[in-house]
Each structure stands twice: as C-alpha cells, then as structure tokens.
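Structure first, commentary second.
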Amino acid sequence: MNEQKPYSVSLPTGQSETKLTLAEGLRPRMETRGLSVYYGKKMGVRNVSMPIYANTVTALIGPSGCGKTTFLRALNRMHDLTPIARIEGEALLDGQNIYAPGVDAVEIRRKIGMVFQKPNPFPTLTIYDNVAAGLKLMGVRRRDVLDEAVERSLTQAVLWDEVKDRLRAPGMSLSGGQQQRLCIARALTVQPEVLLMDEPTSALDPISTQSIEDLLTELKKHVTIAIVTHNMQQAGRVSDFTGYFLLGDLIEFGPTNQLFTNPKDAHTEAYITGRFG
Amino acid sequence: MTPPSSIASVIPKGGNLRIRRVWNSVMLVLLVLGSIVVVSPLIAVLGAVLVNGLATINWAFLTQEFRPVTEGGGGVWHAIVGTLLMNLLALLIGGLLGFAGGVLLSEYPDHPINPYLRTISDLLNGLPALLKGLVIYAIIVLPTGMFSGYAGALALAIILTPIVLRATEGVLQLVPWSVREAGLALGLPRWRVIISLVIPAATAGVVTGLMLGFARAAGEAAPLYFTAGGSQFLNFNLGQQTESLALTIFKYANEPSVLRQEQAWGAALILTIMVLIASLLARWATRKYN
Ligand SMILES: Nc1ncnc2c1ncn2[C@@H]1O[C@H](COP(=O)(O)OP(=O)(O)OP(=O)(O)O)[C@@H](O)[C@H]1O
Ligand SMILES: [Mg+2]
C-alpha cells in the first residue's frame with residue numbers, strides 16, 4: 001500500500017516541519033472512492049472520496065442532516081441492515097473494497113468498531129456483561145481475561161470509578177452520559193483496529209469529554225479513528241484531519257490545522273467560524 | 001383579523017380548568033363502567049366453574065380412572081395424564097416450529113420463504129381446530145389404522161404453531177434495532193446476535209406466547225376426537241388411544257346422568273387450574289427478564 005499517494009495536501013508556507021513529516025509518513029488505513037449512499041431515492045451522501053489515515057484521528061463535521069452518520073455507517077457496512085439503503089462506489093480497508101463480492105461483513109466489523117450516536121446498551125445485560133459481551137460471545141471464557149478486559153475498557157472510557165461497585169447492575173440503570181461511556185467501553189473491549197465514533201461525547205460533561213479526548217490521543221498509537229462531532233473546538237483539539245460535509249457532499253478535506261486556519265471553501269469557513277450551520 | 005400580540009392573550013383565562021375537570025370525571029366513570037362490562041362475563045364464567053367444580057372435586061375424582069356411573073363414576077386421573085402428555089408434546093413440537101418461524105419472519109425479513117410462511121401461518125390460524133384434527137386424521141390415523149396420543153399431540157401442535165409464531169414475531173419486533181446494530185458492530189455474526197442478544201431481550205414475551213398456545217390447545221376437544229380418540233383407561237403411552245380433559249368435559253356434559261354433568265364441571269375446574277399453574281410457572285421462570 002505504500003506506493004499509494006497520500007492525499008495531496010498543499011501546506012501553506014511556513015507550516016511547521018513536524019506536520020510535513022507526518023504527512024509524508026501517512027498511509028490510508030481506509031479510503032472511500034466515489035462513495036454514495038441512497039435511502040430509496042433520497043441521497044444520504046454523494047460521491048465522497050476521502051482517505052482515513054492510519055493512526056490518526058479524522059473528524060467529520062458539518063451541519064445536522066448533512067450525512068456524517070450515513071458516511072460513517074458506510075465504513076463498516078452498517079447499512080447492510082437497512083433494506084432501503086443502497087451503496088455505490090468503494091470503501092477500502094487496507095486497499096481492499098469492503099463491498100466487493102465475497103467479503104464477509106462480520107470480518108470487516110471485527111476490525112472496524114463503532115460507537116453510535118445514541119447510547120445503545122444491551123437492555124437485558126449487566127454493566128459488566130455489556131462491556132464483556134463482545135469477547136464472551138466470541139467464545140472467551142476465562143474469567144481473569146474477561147475481568148481484566150472489562151476493567152481496562154471501563155477505565156479507558158472513564159467510567160470505572162463510577163461503576164466498579166455495581167458491575168452487576170443493569171446497563172440501563174446508568175445515566176445517559178454513563179451509558180454513552182459504557183458503549184465506548186464496550187467497543188474498546190474487542191480491540192478494533194479502526195474505531196468509528198458518532199458524537200461520542202455529545203452527552204458528556206466537560207471533564208469526561210476531556211478524558212475521552214485524551215483517550216483518543218492515546219488510542220491512535222494503535223488505532224485509526226474517525227469521529228463525528230458538532231464541537232469545533234473538539235475537532236480542533238483531537239483531530240489530525242477534518243472533512244467538512246454539506247448536504248451530502250464532502251466539501252473540503254485536509255489537515256485539521258489547515259482547514260481551520262485557512263479553509264479553501266467559503267462554506268467551510270462560514271461553518272467553522274460559526275456564521276452558518 | 002389581526003394576529004394576536006401573544007399566545008398568552010388568546011388562551012382563555014383559567015385555561016378552561018372547570019370544564020376539563022368535569023370532563024375528566026366523566027371519562028373516568030365511563031372507563032370504569034367499560035372495564036366492568038368487559039370483566040364481568042369473565043368473572044361469571046370463572047365463578048361458575050369454581051363453584052360447580054369445587055362441589056365435585058375430591059381425592060377419588062383426582063386419582064381414579066373411569067368407572068361406570070353404577071360404580072360411583074370414578075375419576076379423571078386418566079384424562080389428566082393424557083392432557084399433560086399430549087399438550088407437553090404438542091408444546092414441544094408446535095413451540096419449536098412456531099418459535100423458529102417467528103424468528104425467521106422477524107430477523108430475516110427478506111428471506112424468500114417468508115411470504116409463504118406468513119400465508120400458511122395465517123391460514124392455519126383461521127382454520128377451525130376441527131379441520132386440523134381432520135388433517136391429522138387423514139394423514140396419520142387412516143394410514144396407521146389407529147387413534148393415538150401422538151396423533152392427538154400433532155393436531156394440538158398445529159393449533160399451537162401459528163399462535164406461537166405470531167407471538168414470537170411480535171415480541172422480537174419490539175426489541176429495538178439498536179440492539180442488533182450494537183451486536184453486529186462488535187463483529188458478531190448475525191445468528192450469534194439473534195441467539196444471544198435479541199432473543200434473551202424478548203424471553204418473557206416468547207414464553208407468554210408459548211403459554212397462550214398451550215392454554216388454547218389444552219382447551220381443544222374437537223380435533224382430538226378423530227386423532228387421540230379418547231380412552232377410559234389410564235396409560236402413559238401416547239402410542240395408544242388417549243383421553244384429554246377437554247374431551248371428558250365435552251362427553252360428560254352431554255350425558256343425561258347428573259353425576260356425569262357434575263363431573264364435567266369438576267374436569268373443567270381441573271383444566272382451568274392446570275392452565276393457571278402453567279402460566280404461573282412460566283411467569284416465575286422468566287421473572288428475571290421482566
Ligand atoms: N434510515 C434512513 N432512512 C431515510 N433517510 C435517512 C435515514 N437515515 C438518514 N437519512 C437521511 O439522510 C440524511 C443524512 O442523515 P445523517 O444521519 O447521515 O445526518 P448527520 O450528518 O449524521 O446529522 P446529525 O448531525 O443530525 O446526526 C438526512 O437527510 C436524513 O434524513
Ligand atoms: Mg448523525
């Protein structure tokens with residue numbers, strides 16, 4: 001995959017040296033080529049071509065209803081479940097089209113985890129079992145392994161201290177923000193290589209948000225992350241690259257600092273500076 | 001007309017509170033009356049069964065087999081055993097079939113066999129129980145040349161299947177889509193998500209569906225006439241002709257003997273209690289899912 005050209009970024013003169021080396025060492029872990037998603041006749045996203053570089057955080061921003069969730073769900077074949085959804089174009093993982101015939105969606109999703117926009121704990125399971133569900137249902141039986149994995153994931157998702165004394169309580173007994181972190185922990189337990197997060201901090205207080213952002217920075221050493229966010233500061237803080245969507249189109253994509261300081265598109269600039277959207 | 005300056009200015013003073021209170025009381029009274037109308041026949045039926053049945057039931061009635069009226073009339077032990085055996089087998093067969101069909105309809109909505117499954121199930125549901133008995137009579141009893149408990153259980157299973165199927169499909173549909181999505185996003189195969197995450201979330205409802213089917217089948221007499229055939233003797237072997245409480249009730253209620261008519265009430269009460277115990281057991285077994 002190394003001969004694949006990194007996304008052409010025209011760095012403004014005077015850009016720091018470190019950013020340049022980062023750009024040169026980049027390898028797209030995922031990439032979409034002319035990806036469109038339709039719901040029946042209605043267009044969700046249209047003709048999106050965009051890389052998601054390995055070991056970086058890519059932020060997807062744009063006004064409500066512009067297709068961020070739609071795009072994200074196309075990256076791990078989540079639309080397979082929606083009968084009316086139709087995919088055109090390609091989504092590559094390590095250069096291989098995940099929509100090619102014969103590709104097993106289960107294998108794809110095992111590598112590409114997802115945190116959903118709305119918290120969705122398993123309603124009948126305890127806090128512990130919610131977090132352990134992925135491993136348990138894949139056949140992991142060893143108690144010590146499960147215990148260790150649950151504690152690690154819950155700690156990473158900054159929920160451990162709040163729930164360590166009531167791991168046997170139902171997952172549904174948690175508050176909205178706690179459920180959101182529970183779902184982050186659940187996704188982390190199976191150690192995905194790519195993590196898709198749809199507004200993972202939308203229900204969190206500033207302290208928890210900060211902790212999750214720190215987690216992303218820590219995680220990206222091993223994991224490739226795409227995150228949808230409505231919070232411009234968050235996109236600026238955690239992401240290396242940003243894609244701006246508008247009405248189903250990818251309007252602009254580039255290194256976050258470039259897109260934020262020197263956007264090429266007038267819509268992007270208006271959105272980022274808060275004059276629109 | 002000029003638009004009002006603010007919404008508050010067009011809301012009546014006091015917000016119609018008096019009228020709304022009166023209206024509230026009227027509706028409440030109507031609701032209570034309606035409930036009474038609906039519930040009272042039910043109570044009347046149960047009450048009649050209870051009062052008449054209690055007068056007949058005693059230890060001998062519960063533990064003896066059939067005896068002629070001239071010898072005291074005996075009891076319904078053979079019918080209790082037959083009812084339990086046939087209905088449990090029917091629950092096993094019809095429960096599994098209905099459950100599997102319900103899962104297919106709910107979880108694989110695009111499966112090509114589903115339209116046929118749905119049609120057959122609806123057809124079966126609408127068909128009189130008598131006809132289901134005749135079908136088994138034609139394909140089992142005639143070729144083998146004998147009535148048997150197995151044939152009876154099969155007839156009851158046909159009655160059970162569409163009820164369980166519809167109930168299963170219905171409760172699985174109530175499990176939010178997000179549960180399936182969350183499971184699949186963890187990299188689990190679809191069957192694993194269904195078995196370990198979706199079905200457990202619907203257990204209480206599935207069991208309720210099984211109980212509904214069981215209760216319905218336990219009350220059927222007509223289809224057993226040409227299949228189980230009825231019997232006056234105790235036997236634990238479904239290969240033989242078998243009695244059921246519903247059959248006993250039907251036969252005894254039509255006999256001129258007062259004793260037999262009283263025994264029909266007794267059998268009705270026992271059947272009612274059996275169904276009640278079964279549903280209480282089911283509630284108890286699924287208590288942690290509620
Ligand atoms: N299941 C669906 N069926 C039909 N249309 C859908 C479906 N899901 C999304 N859409 C439509 O696709 C468009 C994009 O929706 P999407 O959820 O991707 O937006 P979004 O960018 O994630 O918005 P938000 O920021 O509010 O979450 C919207 O117009 C939406 O109405
Ligand atoms: Mg969204």
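Below, read A as the first sequence line, B as the second, and so on, with proteins coming before strands; counting in each chain starts at 1.
Atom CD of B:E181 is separated from atom OG1 of A:T82 by 6.5 Å, given to the nearest 0.5 angstrom. Annotation: the span from B:I199 atom CD1 to A:T124 atom OG1 amounts to 11.5 Å, rounded to 0.5 Å.
The stretch residues 162-178 of chain B places B:W177, B:S178 near chain A, each with some heavy atom under 4.5 Å from a heavy atom of that chain. Heavy-atom neighbours of chain B within the stretch residues 169-191 of chain A, taken at a separation under 4.5 angstrom, comprise A:R186, A:A187, A:V190.
Nearest heavy-atom pair across B:A182 and A:F122 is CB-CE2, 3.7 Å. A:R110 and B:P189 make their closest contact through NH2-CD, 4.3 Å (heavy atoms, listed as atom of the first residue, atom of the second, distance). When all heavy atoms of B:L186 and A:A133 are compared, the pair lying nearest together is CD1-CB, 4.5 Å. Closest approach of B:L188 to A:M138, counting heavy atoms only: CD2-CG, 3.9 Å.
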| CA sep, side-chain torsions, deciding dist, call: B:L184, A:L81, side-chain contact (heavy atoms from CB on, under 4.5 Å) | CA-CA 10 Å; B:L184 290 173; A:L81 295 215; 3.3 Å; yes
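The environment of B:R21 atom CZ is sparse: at most 12 non-hydrogen atoms of other residues, nucleotides or ligands sit within 6.0 angstrom. Other residues, nucleotides and ligands contribute more than 12 heavy atoms inside 6.0 Å of the CG atom of B:L30.
Taking chain B as the reference chain and counting heavy-atom pairs below 4.5 Å, the highest number among A:M114, A:M78, A:K136, A:K118 is found for A:M78.
Only the side chain of A:L125 comes within less than 4.5 Å of a heavy atom of chain B; its backbone N, CA, C and O stay farther away.
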